[in-house]
S.K.: 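Before anything else, here's the structure in question.
Note that the numbering runs from 1 along the sequence shown for the chain.
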Amino acid sequence: MVLIYRLPFFVSSMLVLIPISISGLPECKFPAVFNFGDSNSDTGALSAMFGEPANPPPNGEAFFHSPAGRRCDGRLIIDFIAEDLGLPYLSPFLDSMGTNFSNGANFATIGSTIRRQNTTIFQSGYSPISLDIQYEEFSWFMKRSKLIREKGDMFKNLMPEESKFSSALYTFDIGQNDLTAGYDLNMSIEQVKAYVPDVISQFTDTIKKVYADGGRAFWIHNTGPVGCLPYIMDTQLITADQVDNLGCADLFNGVSRYFNQKLKESIIQLRTELPLAAITYVDIYAAKYSLIAQSEKLGFGDPFLVCCGIGGKYNFNNARRCGSTEIVNGKQILIAKSCEDPSSRINWDGVHFTEAANKWIYDQISNGAFSDPPVPLKMACLNRINDK
Ligand SMILES: *[C@@H]1O[C@H](CO)[C@@H](O)[C@H](O)[C@H]1NC(C)=O
Ligand SMILES: *[C@@H]1O[C@H](CO)[C@@H](O)[C@H](O)[C@H]1NC(C)=O
Ligand SMILES: *[C@@H]1O[C@H](CO)[C@@H](O)[C@H](O)[C@H]1NC(C)=O
């Protein structure tokens with residue numbers, strides 16, 4: 001049952017009878033967002049760590065007109081979340097230059113996993129900033145920002161007031177790389193599935209820690225249909241009987257669905273363990289799959305055709321991804337370029353979605369249509385489960 005807190009009883013009982021009426025309730029007015037994730041929501045952390053090679057042009061060209069730390073031609077779902085909440089785009093915690101954290105911080109990095117990987121980023125491409133490290137950074141940020149505000153120096157107004165930590169929205173979009181890390185090690189589907197419960201358990205551990213620190217509103221994206229992305233379709237061995245009617249690698253999507261089922265079960269359990277939390281589970285898988293299914297109808301054409309890339313079946317070459325250059329006659333030449341009109345494609349670089357696709361997905365999820373419970377983003381502090 002859904003309970004609306006800080007409201008008279010009759011309002012909450014009406015809500016149970018007519019869930020649609022939540023749209024008439026006041027919005028949460030989140031003053032800040034703290035985000036945890038991977039490249040689906042990194043707004044510049046990997047670039048802050050490794051510079052331009054971490055995110056070369058033409059990334060960012062359509063909206064920011066230069067690389068903006070995002071693996072996209074423009075904005076990510078997390079940017080549309082910030083815009084809709086009336087907040088500035090989130091700054092990466094790791095960005096040390098001219099950064100204003102008064103409305104939150106972003107701990108996501110390109111290549112992040114939930115579990116620590118036993119390889120370096122130089123070997124496997126996975127980021128050392130796994131979810132447990134992102135939590136440590138958040139915890140450090142919380143303590144340090146309090147000290148800085150107390151000191152009252154010139155940095156004071158770049159830090160969130162302490163009260164914002166309990167009224168902020170905590171967003172999560174992570175897990176896809178934990179699955180692909182297993183495929184990269186040539187593990188079987190069964191071997192990858194076998195470690196999913198451990199991945200989910202580490203995911204929920206982090207949510208519990210943020211709750212213990214005072215976080216209350218959680219907006220959690222499940223993992224997308226990775227088997228519909230060229231970087232899986234082009235690099236993994238996929239037989240004809242493993243392809244679904246859209247052309248996606250269903251065996252790999254099956255592991256994502258298994259991850260999502262385990263995540264959903266854990267969140268149901270978490271709601272009883274964390275009675276003051278409002279936890280919204282967002283079915284990003286279904287939203288992305290629906291976009292791919294309707295691609296032609298929506299004017300995006302072939303959903304698998306990569307905008308920024310070179311060669312191969314999908315305009316994707318894993319060894320020469322978006323932004324790859326070559327030295328020709330002593331000059332560096334961009335060879336994996338952007339397409340004419342990124343807004344006419346779903347897939348940006350074989351791994352990530354274009355801004356146009358991200359906007360479409362955000363418009364689908366923001367009203368609660370893909371959420372459990374079905375509350376809109378701006379109401380995501382209200383869906384506390386009644387523990388009575
Ligand atoms: C890394 O190695 C340790 C020790 O062998 C193991 O317990 C852990 O599961 C490994 N992590 C991953 C992501 O494979
Ligand atoms: C940081 O951003 C907040 C909110 O947008 C603003 O009120 C504050 O003045 C900014 N701080 C600085 C030092 O610019
Ligand atoms: C996985 O298999 C491929 C193809 O057999 C091989 O080239 C690659 O080195 C293997 N990777 C690992 C991590 O064992």
Side-chain angles (χ1 to χ4, degrees), residues 6 26-37 41-52 54-55 60 63-70 72 74-110 112 129 131 133-173 206 209-219 276-278 362 366 377-381:
R6 288 195 219 97
E27 294 175 353
C28 301
K29 298 222 164 41
F30 296 114
V33 174
F34 295 99
N35 180 67
F36 301 79
S41 62
D42 182 355
T43 54
L46 204 76
S47 297
M49 285 190 274
F50 294 101
E52 192 164 280
N55 197 52
F63 185 79
F64 300 100
H65 309 299
S66 63
R70 293 152 174 85
C72 186
R75 289 161 290 180
L76 307 178
I77 294 173
I78 190 69
D79 294 314
F80 293 114
I81 289 179
E83 277 185 17
D84 220 6
L85 296 176
L87 302 175
Y89 298 131
L90 287 189
S91 292
F93 163 77
L94 291 170
D95 196 351
S96 53
M97 295 193 290
T99 331
N100 188 337
F101 295 111
S102 56
N103 299 104
N106 191 355
F107 303 94
T109 80
I110 292 166
S112 285
I129 316 295
L131 185 59
I133 305 295
Q134 293 183 28
Y135 170 74
E136 291 304 337
E137 291 177 346
F138 164 73
S139 174
W140 180 242
F141 176 84
M142 212 172 151
K143 292 190 186 97
R144 293 283 305 160
S145 62
K146 184 163 182 274
L147 287 177
I148 289 166
R149 287 193 63 84
E150 279 167 7
K151 244 167 71 185
D153 65 15
M154 61 186 278
F155 299 112
K156 183 179 165 220
N157 292 328
L158 296 172
M159 295 294 149
E161 291 96 338
E162 208 181 338
S163 65
K164 288 187 179 174
F165 287 96
S166 54
S167 48
L169 182 66
Y170 289 84
T171 53
F172 293 78
D173 189 323
T206 298
K209 286 180 186 164
V210 172
Y211 179 86
D213 291 334
R216 290 297 176 260
F218 297 87
W219 179 266
L276 300 177
Y362 179 69
S366 61
L377 177 84
K378 290 177 182 175
M379 305 276 170
C381 65

S.K.: Closest heavy-atom contact between P88 and A82?
M.R.: O-CB, 3.6 Å
S.K.: Name the orientation class of the two ring planes belonging to F93 and F107 (parallel below 30°, tilted from 30 to 60°, perpendicular beyond 60°).
M.R.: tilted
S.K.: Name all residues meeting the side-chain hydrogen bond (donor to acceptor under 3.5 Å, both in side chains) criterion together with Y362; count only those two or more places apart in sequence or in a different chain, and write none if there are none.
M.R.: D84
S.K.: Would a distance-only check, ignoring hydrogens and angles, find a side-chain to backbone donor-acceptor pair under 3.5 Å from Y170 to F36?
M.R.: no
S.K.: Please determine which of L169, V33, D173 meets the side chain to side chain contact (heavy atoms under 4.5 Å, CB included) test together with W219.
M.R.: L169
S.K.: Looking at T99 and M97, would you say the former's side chain and the latter's main chain have a donor-acceptor pair under 3.5 Å?
M.R.: yes
S.K.: R70 versus D79: any side-chain heavy-atom pair under 4.5 Å?
M.R.: yes
S.K.: Could you tell me whether a side-chain N or O of Q134 sits under 3.5 Å from a main-chain N or O of I129, the two making a donor and an acceptor?
M.R.: yes
S.K.: Counting only heavy atoms not in E83, do more than 12 sit closer than 6.0 Å to its CD atom?
M.R.: yes
S.K.: Can you establish whether the number of heavy atoms outside F50 located under 6.0 Å from its atom CZ is more than 12?
M.R.: yes
S.K.: If every non-hydrogen atom of P67 is compared with every non-hydrogen atom of E52, which pair is closest and at what distance?
M.R.: CG-OE1, 4.4 Å
S.K.: Could you tell me which non-hydrogen atom of C28 sits nearest to which non-hydrogen atom of A380, and how far apart they are?
M.R.: SG-N, 3.7 Å
S.K.: Could you check whether any side-chain heavy atom of L46 comes within less than 4.5 Å of a side-chain heavy atom of M49, counting everything from C-beta outward?
M.R.: yes
S.K.: For the residue pair S41 and N35, confirm or rule out a side-chain donor-acceptor distance under 3.5 Å.
M.R.: yes
S.K.: F64 versus R75: any side-chain heavy-atom pair under 4.5 Å?
M.R.: yes
S.K.: So does G44 get a backbone contact from the side chain of S47, meaning a donor-acceptor N/O pair under 3.5 Å?
M.R.: no
S.K.: F138 pairs by ring pair (Phe, Tyr, Trp, His ring centres under 6.0 Å) with which of F101, F34, F172?
M.R.: F34
S.K.: Heavy-atom distance under 4.5 Å between the side chains of Y135 and D213, does that happen here?
M.R.: yes
S.K.: Counting N and O atoms only, with roles assigned by atom type, does the side chain of T43 sit under 3.5 Å from a partner on the main chain of L90, one being a donor and the other an acceptor?
M.R.: yes
S.K.: Going from NZ on K156 to CD on E161, what distance comes out if it is rounded to the nearest 0.5 angstrom?
M.R.: 8.5 Å
S.K.: Does F165 reach the side chain of S145, with side-chain heavy atoms less than 4.5 Å apart?
M.R.: yes
S.K.: Hey, could you give me the SG/CG distance between C72 and D42, rounded to the nearest 0.5 Å?
M.R.: 12.0 Å
S.K.: Of all heavy-atom pairs between A108 and A45, which one has the smallest distance, and what is that distance?
M.R.: O-CB, 3.3 Å
S.K.: Testing the basics here: between L276 and R216, what is the closest heavy-atom pair and its distance to 0.1 Å?
M.R.: O-CD, 3.2 Å
